[in-house]
There are 2 protein chains.
Amino acid sequence: MTGQVRTVDGRVAGRRGQATRQKLLDCLSEMLSSSPYRDVKVIDVARKAGTSPATFYQYFPDVEGAVLEIAEQMATEGAGLTELLDGRSWVGKAGWQTAQELVDGFLEFWRKNDAILRVVDLGAAEGDKRFYKLRMKILNSVNNSLSDAVAELQSKGKVDKDVNPAAVAGSLVAMLAAVASHQKGFQTWGVKQAELKPNLALLVHLGVTGRKPTK
Amino acid sequence: MTGQVRTVDGRVAGRRGQATRQKLLDCLSEMLSSSPYRDVKVIDVARKAGTSPATFYQYFPDVEGAVLEIAEQMATEGAGLTELLDGRSWVGKAGWQTAQELVDGFLEFWRKNDAILRVVDLGAAEGDKRFYKLRMKILNSVNNSLSDAVAELQSKGKVDKDVNPAAVAGSLVAMLAAVASHQKGFQTWGVKQAELKPNLALLVHLGVTGRKPTK
DNA sequence: CGGTAAGCTGACGGCATGACAGGACAAGTG
DNA sequence: CACTTGTCCTGTCATGCCGTCAGCTTACCG
């Protein structure tokens, strides 16, 4: 799938090269967690990695390029979110559990990768197609599964005909992502995390099935 | 409310000064719409405004400071979103209309100010309290109204006791904001704006009242 | 051991930042 | 009209980051 890792000037990266490359990515990642995206400088990343700015430019065209790389790694990892939904039922008590586990897994994933996801979100919102595709890739698994679930319930007549499965699924996923991004915000608002989750799960369940869960 | 407009070095700005100041803000605003936040430079804003970088620094400590100013202006303007909900009913057909109008007005507001709202969202997500407060200020009107609506329905026994009004309201508002930020995204997904709105309204209605709307 | 390619960096021109001092300008005063 | 006062803007400068290149060091291989 992925060809050889290459430097900007076309050389193939060997063992050592890949190590420095990865170290730069790690340091950048850390940097993004601790300071605003706008203030992350190449020279700081390089210093943190114990190398020089020139080395950075050997592996990445610019900061954005490196961020895309990190996000790509995370995206493949995030494909595992499908497991939260594959083959799950949306009926009865099982449906309520599905909703809860989805919310749980999603928030956890977002919390782990919040720094990089913020940047991806920004890039996508700014209209950058690369970031937009990446965001799709991350959310697609969940989105498609949700969309399928709605469509299936719809075909059984359990959901109104005029509901658009893709629109509902996309909106719910956007909600999960947004809430995850501003988890701290809710806390200051007087809503604790433990309270937030069941209410989110309720909204997801309502959105997918159109009815309240049986707990 | 607001004291006199002051320059960084403490002078009070007069007629002419306020004009250039505003012009700088306008140009910055425009700039944010056309290029990534990370790439907006003081020198470009100054050039666009037909002045020099030094002038910019006379009125604002940095780009972030100016952004906060713009966002503040928008926030007071955005308080008008309350009208979308004040005194509206959530029962029967009126409830469905309330949901629709809320979605409509919200998306429109977001579309108008998307560039600056992106930056506010980023700042808030990064943990900057100033941006966070600003985001609250913008969303508070809608959020409180929604929260009140849920609480009222709850007191009448129409909504389950274990629902947390603030959590539900906050999540719904976050959903609206997120979907608005990525409106273009949905389009590429094969969901058209016209289809998106009613489905969003459905989700809002479901979330607030716990039941499907009567159309 | 010598050749070859990978890996890294010092150094440099270019540009943005942010501060200051001083000049231009408008308005009021005698 | 000259003079004063305070606002408004810019030229200039030290500083620091960007992004590139030539060239040095290191590792691998026959």
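In what follows, chains are A, B, ... by sequence order, proteins preceding strands, each numbered from 1. The basis for the numbers below is simple: all heavy atoms, side chains too, and nothing from hydrogens, waters or symmetry mates.
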Does [X] come within less than 4.0 Å of [Y], counting only side-chain N to carboxylate O?
X	Y	answer
B:Glu64	A:Arg38	no
A:Glu195	A:Lys192	no
B:Arg118	B:Asp114	yes
A:Asp9	A:Arg11	yes

Next on the checklist: For A:Lys137, is the NZ atom crowded, meaning more than 12 foreign heavy atoms sit under 6.0 Å from it?
Outcome noted: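 Atom NZ in A:Lys137 is crowded, with more than 12 foreign heavy atoms closer than 6.0 Å.
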Checklist entry - Within a reach of under 6.0 Å around CD of B:Gln73, are more than 12 heavy atoms found that belong to other residues, nucleotides or ligands? => result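 Atom CD in B:Gln73 is crowded, with more than 12 foreign heavy atoms closer than 6.0 Å.
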Item to check | Nucleotide interval of DNA chain C bounded by contacts with chain A (heavy-atom cut-off, under 4.0 Å) | outcome: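 First-to-last contact on DNA chain C, by the 4.0 Å heavy-atom rule, is C:dA6 to C:dG10.
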Atom-to-atom span, [atom1] of [X] to [atom2] of [N] - whole angstrom:
X	N	atom1	atom2	value
B:Lys23	D:dC9	NZ	P	11 Å
B:Gln18	D:dC9	CD	P	11 Å
B:Gln58	D:dG6	CD	P	16 Å
A:Phe60	D:dC18	CZ	P	15 Å

Next on the checklist: Once you measure the plane-to-plane angle for A:Trp96 and A:His205, does it fall in the parallel (<30°), tilted (30-60°) or perpendicular (>60°) bin?
Outcome noted: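 Ring orientation of A:Trp96 relative to A:His205: perpendicular.
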Item to check | Whether B:Phe60 and B:Phe56 hold their rings parallel, tilted or perpendicular, with breakpoints at 30° and 60° | outcome: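 Judged by the thresholds at 30° and 60°, the geometry between B:Phe60 and B:Phe56 is tilted.
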Checklist entry - Picking from B:Asn113, B:Asn143, B:Leu117, what satisfies side-chain contact (heavy atoms from CB on, under 4.5 Å) with B:Ile138? => result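 Answer to the side-chain contact (heavy atoms from CB on, under 4.5 Å) test with B:Ile138 among B:Asn113, B:Asn143, B:Leu117: B:Leu117.
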Next on the checklist: Name the residue from B:Val40, B:Ile116, B:Leu25 that meets the side-chain contact (heavy atoms from CB on, under 4.5 Å) definition with B:Val67.
Outcome noted: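 By the side-chain contact (heavy atoms from CB on, under 4.5 Å) criterion, B:Val67 pairs with just one of B:Val40, B:Ile116, B:Leu25: B:Ile116.
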Contact class for [X] (heavy atom, under 4.0 Å): base, sugar-phosphate, or nothing?
X	answer
A:Tyr59	sugar-phosphate
A:Arg16	sugar-phosphate
A:Thr7	nothing

Checklist entry - Residues from residues 35-52 of chain B sitting under 4.0 Å of DNA chain D, heavy atoms only? => result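 DNA chain D contact set from residues 35-52 of chain B: B:Thr51, B:Ser52.
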Next on the checklist: Rounded at 0.5 Å granularity, tell me how far CG in B:Leu24 sits from OH in B:Tyr59.
Outcome noted: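 That separation rounds to 8.0 Å.
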Item to check | Stem segments of DNA chain D by first residue number [Watson-Crick or G-U, under 3.5 Å, at least 3] | outcome: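 Ordered by first number, the stems with DNA chain D (at least 3 consecutive pairs each) read C:1-30 with D:1-30.
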